[in-house]
**Q** 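Quick one: this structure, given as structure tokens, is what I'll be asking you about.
Hydrogens, waters and symmetry mates are skipped; everything else that's a heavy atom, side chains included, is used. Every chain is numbered from 1 and lettered A, B, ... according to where its sequence line falls, protein lines coming before strand lines.
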2 protein chains.
Amino acid sequence: MPSIRDVARQAQVSTATASRALRGLPSVTAQTRARVERAAAELDYVIPFNASSLASGRTNSVGIVVPYVSRWFFGTVIAGAEAVLREAGLDLVVYGVPDAAARARFFDRLPVRRRVDAVLVLSLPLTAAEAEALRALRVPVVLVGSTADGIPSVRIDDLAAAAQAVRHLTGLGHRRIGLLGETDPPPHGFTTPGRRRNGYLRALAEAGIEPEPALEAAGGFTAAAGETAMARLLALPSPPTAVFAMSDEMAFGALKTLRRARVGIPAEVSVIGFDDHELAGALDLTTIAQPVTAQGERAALLLLDQLHDRPPATDVVLGTELVRRGSTGPAPAAR
Amino acid sequence: MPSIRDVARQAQVSTATASRALRGLPSVTAQTRARVERAAAELDYVIPFNASSLASGRTNSVGIVVPYVSRWFFGTVIAGAEAVLREAGLDLVVYGVPDAAARARFFDRLPVRRRVDAVLVLSLPLTAAEAEALRALRVPVVLVGSTADGIPSVRIDDLAAAAQAVRHLTGLGHRRIGLLGETDPPPHGFTTPGRRRNGYLRALAEAGIEPEPALEAAGGFTAAAGETAMARLLALPSPPTAVFAMSDEMAFGALKTLRRARVGIPAEVSVIGFDDHELAGALDLTTIAQPVTAQGERAALLLLDQLHDRPPATDVVLGTELVRRGSTGPAPAAR
DNA sequence: CTGAAAGCGCTAACAG
DNA sequence: CTGTTAGCGCTTTCAG
């Protein structure tokens, strides 16, 4: 295994110059740099990460804390962040925290300590203690989908977006609008469901509709949960003519229940989702599109800002957009 | 920032003993270990990753090379691998290679060099040069979903599983069976599509059915591709009564096309997918289930075997299973 | 089982 | 712009 000394010798420079040349520092003549680079190529030399890291104090790695790596939303955010970070020469280390135990272990042991130069946290609303633990790391932190004092974040306006969804329904004449939501309390203490519910309530209020607790069905952000939640609404003496599902996955489940019950979509019941999941088009689901890859990219950029001592934006709110497809339509003529 | 010296001093041992105690080596008395651990806890000390890595030559990290982080299959494999590796104290570093350029850059520059203790490669059929580059790393490598000489792999039997899918259709009396497949050549040179196609051909042969090129529609493993591919089959003078989609995502697209064309499922056309995607249940799709999380877990275990100098299995083939749902049924009475 | 001391292979400060 | 040199903070012999 060649060392930087071998490279330096072959290029007839000192190890310091070799190091500078290989790292692309400006204080090296083009000629010297070329010689060093050629020597490195010939010897098939790369700077060993650990030695460089020990000497410089940097790890060139970013940790990403994520509840569910396998879910579309998180995978897409990760992909966006990874691309930007890789471009900047940073590695992405994944820390999955699928349940409360894993999360507690993460914040307790803080395996990112002395291990990464920055941390990205996806969707987890931090407790005061968790936020404090991250701040104590003394490395840049960026949140996606949640906020905390003094920590930059990237997110969407869930309340406004949900209201936009429900307004689409009221605009179509619907008055009895169901909500497919999250359990209470939500897993991980997620705050997104609450915000989306508030958007639902706001849009109802705007339309002068009295909210009806019976029209809210909880379950979770999965298709299976959406399926059973929709079944409950359908069993109501007077079922809704439209439902707002807090996630597209739930909406998919709801569509299944409706189809199986031979309920016309959107003739009898309209369904709107949230996310613009990659399969929403295939299911012809009207939904609120949120920019997911972009959230990962922007979060990575905020991290880079901080790593380069540029002041980062404190709170980036990306836009959402109604995507009209076939699952929503005018309310059935008033009964 | 406390160092191991501070811990050693406080525990009244040498730094060597402190190091041994903190790493859980057996050659330390329980008493000494307890003293050291208490001192470390009091000082809030953790072994700095880079110093440890430089001194020991190990990085305690595993690299995972993956084409599409955001797709369900890959995200699920990553989650499975990450859980096992984390348990073993290893970090997972993600290397996304969504396109040929990124892939070339990865194998050219080999950013994993001197950076990880082992590498996991997902679904990429390695060229001879790529396999050689990985071997030259001199670290354990495990493949998921592809194979290469001398590199352990975890996978399913795509041919058998696809044949199983198509046999399900022939068993239901179908004789005109369409195939929704991948483009030729497939992206990344994926070999999975070819194997699944061979399974399709085998099952047809078993049933004495002459394959018909017109019944094969290519497009890619996405819902959008499945949608248009299905439309092409439907436009045939004599369309199939059943289709085998190489992935559930394609099957979802096919279902959309069929529904929109008001073709009865399965009354007029049966659809079977492949994967048992998390949304397959919501779409009532009959499919071949493959154990995805388990593939990630097993791959991680094979890595651990190698890292601990245990001979790993060379080729682990996990089982698949037919999951009957509502999208397949008996062939329409012979015309 | 424990300690002393020699690296691991760079990077950064300083000097020129 | 380039060279010298002193660490970075552990882990690992080698002794005892």
**Q** Please state how far atom CZ in Arg23(B) lies from atom C1' in dT2(C), giving the value in whole angstrom units.
**A** 14 Å

**Q** One thing to verify: whether Arg105(A) and Asp108(A) come together as a salt bridge, which I'm taking to mean a side-chain N less than 4.0 angstrom from a carboxylate O.
**A** no

**Q** Around atom CD of Gln12(A), are there more than 12 heavy atoms of other residues, nucleotides or ligands at under 6.0 Å?
**A** no

**Q** Using a 4.0 Å heavy-atom cut-off across all strands, classify Arg58(B) as base, sugar-phosphate, or nothing.
**A** sugar-phosphate

**Q** Within the 4.0 Å heavy-atom criterion, would you say Ser52(A) contacts the bases, only the backbone, or no part of the nucleic acid?
**A** sugar-phosphate

**Q** Given dC10(C), dC1(D), dA4(C), which nucleotide is nearest the side-chain atoms of Ser14(B)?
**A** dA4(C)

**Q** Answer yes when Arg103(B) and Glu130(B) have at least one side-chain N-carboxylate O distance shorter than 4.0 Å, and no when they do not.
**A** yes

**Q** So, is Ser19(B) close to the dC10(D) phosphate, meaning a side-chain N or O under 4.0 Å from OP1 or OP2?
**A** no

**Q** At under 4.0 Å between heavy atoms, what does Ser53(B) touch on the DNA or RNA strands: base, sugar-phosphate, or nothing?
**A** nothing

**Q** Between Tyr45(B) and dC10(D), does any side-chain N or O lie under 4.0 Å from OP1 or OP2?
**A** yes

**Q** Contact class for Leu54(B) vs. all strands (heavy atom < 4.0 Å): base, sugar-phosphate, or nothing?
**A** base

**Q** Would you say Thr32(B) reaches dT2(C)'s phosphate, i.e. side-chain N/O to OP1/OP2 under 4.0 Å?
**A** yes

**Q** So, is Thr17(A) close to the dG3(D) phosphate, meaning a side-chain N or O under 4.0 Å from OP1 or OP2?
**A** yes

**Q** Let me know the distance between CZ of Arg5(B) and C1' of dT11(D), rounded to the nearest Å.
**A** 13 Å

